[in-house]
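Structure first, commentary second.
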Amino acid sequence: MSGNRQDKMATIVALCKRRGFIFQSSEIYGGLNSCWDYGPLGVELKRNVKEAWWKSMVSSRRDIVGIDASILMHPKVWEASGHLKGFTDPLVDCLLTKKRFRADDIEPQSGTVLHFTGAKDRESDAAITEPYSVLAKTPADFDKARKTAREFYQQRSIVKPELLGETTEEVENTTGFNPENGGKLTEARNFNLMFRTFMGPVEDASSTVYMRPETAQGIFVNFLNVQQASRMKIPFGIAQIGKSFRNEITPGNFTYRTREFEQMEMEYFVPPEEDENWYEYWKNTRFNWYLEYGIKKENIRLRDHEKNELAHYAKACVDVEYKFPFGWSELEGIANRTDFDLKQHSNSSGKSLALFDEETKEHMFPFVIEPAAGADRATLAFLIDSYDVEGEGKDKRTVLRFHPSLSPIKVASLPLVKRDGMPEKAEKIYNDLLSHSISSFLDINLSIGRRYARQDEAGTPYCITVDGQTMEDGTVTIRERDTREQYRVASDSVVECITSKLRNA
RNA sequence: GCGGGAAUAACUCAAUGGUAGAGUGUCACCUUCCCAAGGUGAUGGUUGCGGGUUCGAUCCCCGUUUCCCGCUCCA
């Protein structure tokens, strides 16, 4: 990881805080791990990202409808979906090397275990009574095992350890030792990635509920409700934007991996024999969506999952990856979930989620193609991708080159100087814009250059400037963020002009 | 969860075992007809938090929280 890349991330985190995009959660209390709050600019940006997604997936299509399911769902949902079982990883650590293993990945081993009760130093009074064991695999090499044990005690400040209380034990098919060095592993600890809480005032096992680790299940369990209410016929989709929660073992990289996050998911139900075509279709459609909203071609790619990488439900999966400063990372996964989920819920609930096929007169389970995107990840990617620094020294300019639809503020209304009625005129234009629900900003103080710079750093695509000529002929200038070019329009056509620019952007 | 590094004003950073400074920013007033101009003033910090050592700690020690890096994990 080069210094530059990390500098870029740090610079963006600082900019986000300074300009009000993203703050650390509960900062005055020292912060809360992996939790972030969106500030005034950040919330607009993220809303715009979600709106762009919703428009492209729902509003502009005849074949997709939306829902908003609750975060808490019946616990059996998570049994059926496989999350209750599959989301629990029993993990063990090597006491010597600290290397971590999944307990169920360790091959059973046989051999002789050497137990020690402790160690003392050969040249001082130092001693330690912590027990330790090493497995000497058949054919047993006891000297090597003892050497491992001495390393263990050396780590605990015994410089020249003499092992104490050695006993041996024959074992078969144990998984309690590190396959690489025979060293004892910790007890298995379960990491369930689902957040748990209690429904109602009594905290007992029967009231345990989970906060959803994905929004998809809310769609699957509502599949027939939605299909019947909206009279949809396959192929059709159900979309949802909402918060999900996962107790990630390692959160990090700013808002990239957090334990509370927002997903934009769509489940597209198709005839089983058409699954591969639709998979290709959504792969391309979703990839192009990022390009359409300004992500640079060289910073985005598709990466197919290897067979052994696939989730338990998936027949195929491809990631849309973005080149973050910390490396290529997933923005969105497009998966062929087959009929796994609908069948599971049908079996588990006893209520069939199959559709009746009028042609074949048979019940059938559609296959599901799922494009699942991270709203926070997409927001972060748009933020990073639009970040640009121009010029050097005094001419240096920081610009967020957002696609205009994503910009938190669309227009700033600025009087060139604070006199001759210019502030009043600028305020009138500002009010006009606001009355047309165009997100705008009025800035009167300080030099015009400074105010342009502030808007550049907020990613505002257009600045309206009221100058001397405005007072004579009623025209104002529109300044373009990316080129800094200016041209004049009649002040009473500003709203119309901006509206058309935003529509065509 | 392990190992390493860091934490001082809103941001970027200084400084010192004797209760902290600068630049930037922000605000007000003045000035200013086009890209972070200038002037004056103001705003700002229990030095992340909690203990300990000390006459005295931002500095030394311990713990803790958060962030970053590396493991590990990742539906």
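Protein chains get the first letters and strands the later ones, always in sequence-line order, with residue 1 at the start of each.
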A:Q263 to A:S244 - nearest heavy-atom pair and separation: OE1-OG, 2.7 Å
Between A:Y256 and A:F324, ring centroids under 6.0 Å: yes
Pair A:Y322 + A:W328: ring centers closer than 6.0 Å: no
Whole-angstrom distance between B:G25 and B:A36, as gauged at atom C1': 11 Å
Distance-only donor-acceptor test (3.5 Å): side chain A:D467, base B:C34: yes
Nearest-nucleotide pick for A:A453, side chain only, options being B:A75, B:A36, B:C67: B:A36
Sugar-phosphate, base or nothing in reach of A:S34, heavy atoms under 4.0 Å: sugar-phosphate
Presence of donor-acceptor pair under 3.5 Å, side chain of A:Y29 and base of B:C49: no
Cationic tip of A:R196 above A:Y210 ring, under 6.0 Å, 45° of axis: no
A:E332: which of A:K283, A:R303, A:R286 passes salt bridge (Lys or Arg N to Asp or Glu O under 4.0 Å): A:R286
Atom pair distance, as rounded to whole Å: CD1 in A:I444 and C1' in B:C29: 15 Å
Integer angstrom distance from the P of B:G41 to that of B:C35: 28 Å
Watson-Crick and G-U pairing of RNA chain B written in dot-bracket, each distance under 3.5 angstrom, with | for inter-strand partners: (((((((..((((....[..))))((((((.......))))))....(((((..]....))))))))))))....
Interatomic distance where CH2 belongs to A:W36 and C1' belongs to B:C67 [whole Å]: 7 Å
Rounded interatomic separation in angstrom, taking CZ from A:R451 and C1' from B:U26: 15 Å
Minimum-distance pair of heavy atoms, taken over all atoms of A:T475 and A:D467: O-OD1, 4.4 Å
A:R419, nearest nucleotide to its side chain (from B:A36, B:C33, B:U26): B:C33
Protein-nucleotide distance (A:R259, atom CZ; B:C73, atom C1'), rounded to Å: 12 Å
Side-chain heavy atoms of A:L135 within contact of A:T174, under 4.5 Å: yes
Closest listed nucleotide, where the reference is the side chain of A:H83 and the choices are B:C11, B:C33, B:A75: B:A75
Side chain A:Q486 and base B:C34 donor-acceptor under 3.5 Å: yes
Atom C1', compared across B:A10 and B:G5: separation rounded to whole Å: 25 Å
Separation of atom CZ in A:R397 from atom P in B:C34, rounded to whole Å: 18 Å
Gap in Å between the two C1' atoms, one belonging to B:C71 and one to B:A14, rounded: 35 Å
Closest-nucleotide 5' rank along RNA chain B - winner of A:R257 and A:L416: A:L416
Sugar-phosphate only, base, or nothing, as touched by A:K17 at under 4.0 Å among non-hydrogen atoms: sugar-phosphate
A:R484 vs B:C34: side-chain N/O to OP1/OP2 distance below 4.0 Å: no
Whole-angstrom distance between B:A7 and B:C13, as gauged at atom P: 10 Å
Short side-chain N/O contact to B:C67 OP1/OP2 from A:Q24, under 4.0 Å: yes
A:K76 vs A:S349, side chain to side chain donor-acceptor pair (under 3.5 Å): CA-CA, chis, key distance, verdict: CA-CA 8 Å; A:K76 294 215 159 161; A:S349 68; over 6 Å; no
SB check A:E262 A:K50 (cutoff 4.0 Å): yes
Minimum-distance nucleotide (side-chain atoms of A:V417 versus B:A75, B:U32, B:C11): B:U32
Pairwise 5' ranking along RNA chain B for A:R454 and A:S81, keeping only the more 5' one: A:R454
Length of the line joining A:E248:CD and B:A75:C1', which is rounded to integer Å: 10 Å
Under 3.5 Å donor-acceptor, A:S329 side chain and A:G327 backbone: yes
Euclidean distance for P, B:A15 against B:U8 (whole angstrom): 14 Å
Side-chain N or O of A:R246 closer than 4.0 Å to phosphate OP1/OP2 of B:A75: no
Selected nucleotide, minimal atom distance to A:Y313 side chain, candidates B:C11, B:A75, B:C67: B:A75
Between B:A36 (P) and A:L15 (CG): distance, integer Å: 18 Å
Spacing of the C1' atoms in B:G48 and B:U58 (rounded, Å): 12 Å
Contact under 4.0 Å: A:N33 side-chain N or O vs B:C67 OP1/OP2: yes
Protein-nucleotide distance (A:N178, atom CG; B:U72, atom P), rounded to Å: 13 Å
Distance test, side-chain N/O of A:N253 to OP1/OP2 of B:C69, below 4.0 Å: yes
Phosphate-side-chain proximity, A:S447 and B:A36, N/O vs OP1/OP2 below 4.0 Å: no
Phosphate OP1/OP2 of B:G25 contacted by A:R450 side-chain N/O (<4.0 Å): yes
Presence of A:N445 side-chain N/O under 4.0 Å of B:A28 phosphate oxygens OP1/OP2: yes
Whole-Å C1' distance, B:A6 and B:U64: 15 Å
